[in-house]
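First listed ligand is number 1; within each ligand, the first listed atom is number 1. Just so we're clear, the structure is a prediction, and the values are computed from it rather than from any experiment.
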Amino acid sequence: MSTNVDYDCIVIGAGVQGSFTAYQLAKKNQRTLLLEQFVLPHTRGSSHGQTRIIRKAYQQDFYTHMMEECYELWAQLEREAGVKLYRQTGLLVMGPEESQGYQMIKNTLQKNKVPIEILNRDNFSQHIPNVNLALGDGAMVDITAGVLYADRALKTVQRQFEKLGGVIRDNEQVTDVKPGPVVTVTTSAGVYRAKSVVVTAGPWANRLLAHTGLQLPLTVVKINVCYWKEKVPGSYNVKQRFPCFLLTEFEETKDIYGLPSNEYPGLMKICYHGGSETNPDQRDKTTNRSDIDILQRCVACCFPGLVPEPAVVESCLYTLTPDHHFVLDCHPSHSNIVFGAGFSGHGFKFGPIIGKLLCELVLGEVPSYDLSPFRIRRFQDKTKSAL
Ligand SMILES: Cc1cc2nc3c(=O)[nH]c(=O)nc-3n(C[C@H](O)[C@H](O)[C@H](O)COP(=O)(O)OP(=O)(O)OC[C@H]3O[C@@H](n4cnc5c(N)ncnc54)[C@H](O)[C@@H]3O)c2cc1C
Ligand SMILES: O=C(O)[C@@H]1CCCCN1
């Protein structure tokens, strides 16, 4: 052990991305510390809750390509830990047949030979009962898509990290990061020195990066996570193999998505892919519910077996970039500070591959995928660097 550092790497933030990064670093024999400001597990960031969608259905090829390997990495973790983290349900994609968004997803899936089933108006209700396909909408199913058990996944990857000798310190907020050949990290409980640092602080990313003179164009929004009651219990249940769904357009506005009833008996999760801007420390003060009005109209129109009024509303945060693509990069002035941020409400399924990529950046290895869609230079004038 070199005498002037406590760790090879310190990862700041134990959400899904930081936890997978720490795990990958420990696998590569890096002495790694994972720091978390809250007591684990917590519900204040973006990675809490029992379920997330996993899918290859994307408009861009690069996400579909990454998901090929990512499914294998999820399965590897399941085997390693002896737990079930994924359940195949399929993803029903619905949207105006001629729209660009719907067609791009269809083309990407077909081009990449992802198994899909195209449904037509005649066989739709036979395959998908209790859903009304809007006039002019097309429908297809991404067969291998499904549900990830999110809370369980987070706990599992953190436990595997510790088994590899990694150290987690929760209830310890990072208050300063001093760049240099050895990075000094100050927390509410102490000071640590490491050869490199990874910032995976979710909605708090810019607050951490400010210590290093960098600000990214990130917007934090609060999502109302709505659960809707089944009129006939079980009709939208995961055990009936009811699929996840993605509606690429409703009333010409943002996507709406949902997951079969699972965590709360008789309640299906359906959310609007947008919300109002918030300060992550004051999340619960934001009370805009205009998205819920849209969801109520959508449920009344497309899901006749659900009561069109949410039975439970919880909160979760998105950290959005202007193009909704992730940020995976090294600090422009300090190559030993790496960050993963701006997962824009769709990053959970990529956790294992994000961990692998951020680990490669820390170790100075050639990244397994082309990172140009994720580099900060794409923002150009929107990235403020004080250094
Ligand atoms: C409602 C909702 C639905 C979603 N659905 C899907 C889906 O179906 N499929 C999918 O793939 N993705 C989905 N996502 C997106 C996915 O959950 C996020 O992209 C992902 O969880 C982001 O993880 P993260 O690690 O970047 O952030 P976080 O989970 O927020 O983790 C960051 C961590 O850093 C900690 N931290 C911050 N500052 C400090 C500090 N100073 N010191 C110490 N610790 C600090 C925070 O406390 C936090 O724990 C959804 C998100 C939401 C909100
Ligand atoms: O990542 C996902 O799969 C979900 C559904 C689509 C909108 C973003 N969140």
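Inclusion of Phe348 in the set of residues having an N or O under 3.5 Å from an N or O of ligand 1 is warranted. At least one N/O-N/O distance between Val174 and ligand 1 falls below 3.5 Å. Taking distance alone, with nitrogen or oxygen atoms compared against 3.5 Å, Gln173 stays at or beyond that limit from ligand 1. Residue Gln37 has at least one N or O atom closer than 3.5 Å to an N or O atom of ligand 1.
Remark: among candidates Phe326, Tyr318, Phe350, the nearest residue to atom 51 (C) of ligand 1 is Tyr318, based on non-hydrogen atoms. Ranked by closest heavy atom to atom 27 (O) of ligand 1, the top entry among Gly202, Ala205, Ala341, Gly351 is Gly202.
For atom 8 (C) of ligand 2, the nearest non-hydrogen atom of the protein is Gly345 O, 3.1 Å. The protein heavy-atom contact nearest to atom 53 (C) of ligand 1 is Cys316 SG, 2.4 Å.
At a 4.0 Å heavy-atom cut-off, ligand 2 touches His273 through the side chain alone. Proximity of Ile53 to ligand 1, defined as any heavy-atom pair under 4.0 Å, is shared by backbone and side chain alike. Residue-level proximity to ligand 1 for Val225 is carried by the side chain, the only part with a heavy atom below 4.0 angstrom. Neither the backbone nor the side chain of Arg44 has any atom closer than 4.0 Å to an atom of ligand 1 (non-hydrogen atoms only). If you look at Leu208 next to ligand 1, the close heavy atoms, those under 4.0 Å, all belong to the side chain.
Ligand 1 lies within reach of Tyr257, whose nearest heavy atom is under 4.0 Å from it. Contact annotation: His346 has at least one heavy atom less than 4.0 Å from an atom of ligand 1. For the ligand labelled ligand 2, residue Leu246 lies inside the 4.0 Å heavy-atom shell. For the ligand labelled ligand 1, residue Cys271 lies outside the 4.0 Å heavy-atom shell. Within the 4.0 Å heavy-atom shell around ligand 2 one does not find Arg52. At least one heavy atom of His42 sits under 4.0 Å from some atom of ligand 1. Look at Arg207 and you'll find every heavy atom at least 4.0 Å from all atoms of ligand 1.
Taking every heavy atom of Ile53 and a limit of under 4.0 angstrom, the matching atoms of ligand 2 come to 3 (O), 5 (C). Of all the atoms in ligand 2, the ones that sit under 4.0 Å from a non-hydrogen atom of Lys349 are 1 (O), 2 (C), 3 (O). Residue-ligand proximity, His346 to ligand 2, at heavy-atom distances under 4.0 Å covers atoms 1 (O).
A distance below 6.0 Å separates the ring centres of Tyr58 and His346. Separation of the Phe20 and Phe161 ring centroids does not fall under the 6.0 Å cut-off. Centroid-to-centroid, the aromatic rings of Phe374 and Phe62 come within less than 6.0 Å. Between Phe350 and Tyr63, the distance separating the two ring centers is shorter than 6.0 angstrom.
Taking a cutoff of 4.0 Å between a charged side-chain nitrogen and a carboxylate oxygen, Arg169 and Glu36 do not qualify as a salt bridge.
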